[in-house]
Amino acid sequence: MNIDRETVSYLIGQRIQALRKQRKMSQEELALLSDIHPAYLGRVERGEKCPTVQTLFKISQGLKVPLPQLMDIDAPLEHTNLEAAERIKNALSELDAEEAVLIAEIVEKTVALKKHS
């Protein structure tokens, strides 16, 4: 595949933005976790800046994804166990302790059924 630098910057920026949104993070949150300026992250996501490998590494750390996954512009974005666990944790935080335990038991039983099928 023969693509130019601007296209690569754009595609990586779109991937960063999609991964960030999957994790329900704001640009500011990701920038803070990545130790970069929020305005710079915005320019990276829009493809206006071509980040260094060091900056991409920081962003991958902030997103909790391996650097190769962040840079693989041809790969589809996949849901991860980490993302699923975070979603479950967020949902459980809205329940009282007794309700949360019941939901945990449902999840455990569902996993056990899945293992035996």
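In this structure, CD1 in Ile59 is found 4.0 Å from CD1 in Ile36, a value given to the nearest 0.5 Å. Remark: Glu29 CD to Arg20 CZ distance equals 9.0 Å, nearest 0.5 Å. Rounding to the nearest 0.5 Å places CG of Leu19 at 10.5 Å from OG of Ser60. Interatomic distance, CG of Leu41 versus CD of Gln17, reported as 9.0 Å (0.5 Å rounding).
A heavy-atom distance below 4.5 Å is found between the side chains of Ile16 and Leu30. The closest side-chain heavy-atom distance from Leu70 to Phe57 is not below 4.5 Å. Taking 4.5 Å as the limit, every side-chain heavy atom of Arg15 sits out of range of all side-chain heavy atoms of Leu63. Looking at heavy atoms from C-beta onward, Lys114 lies out of side-chain contact with Lys109 at the 4.5 angstrom threshold. At least one side-chain heavy atom of Leu33 sits less than 4.5 Å from a side-chain heavy atom of Met25.
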Identify each donor-acceptor pair in which a side-chain atom of residues 96-103 lies under 3.5 Å from a protein atom, sequence neighbours left out, and give them as a table.
unit_1: Asp96; atom_1: OD1; unit_2: Glu98; atom_2: N; d: 3.1
unit_1: Asp96; atom_1: OD1; unit_2: Glu99; atom_2: N; d: 2.8
unit_1: Glu99; atom_1: OE1; unit_2: Asp96; atom_2: N; d: 3.1

Only distances under 3.5 Å count here; give the side-chain donor-acceptor pairs of residues 5-13 to other protein atoms, sequence neighbours excluded, each with its distance to 0.1 Å.
unit_1: Thr7; atom_1: OG1; unit_2: Asp4; atom_2: OD1; d: 2.6
unit_1: Ser9; atom_1: OG; unit_2: Arg5; atom_2: O; d: 3.1

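In the model, Glu45 has a side-chain atom that pairs as donor or acceptor with a side-chain atom of Gln27 under 3.5 Å.
Between Ala112 and His116, the shortest heavy-atom distance links the atoms O-CD2, 2.9 Å.
Ile106 and Leu113 are members of different hydrophobic clusters when ILVMFWY side chains are connected at heavy-atom separations under 4.5 Å.
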Check the pair Arg23, Val65 against side-chain contact (heavy atoms from CB on, under 4.5 Å), reporting the backbone distance first and the verdict last. CA-CA 11 Å; Arg23 287 154 179 74; Val65 299; 3.1 Å; yes
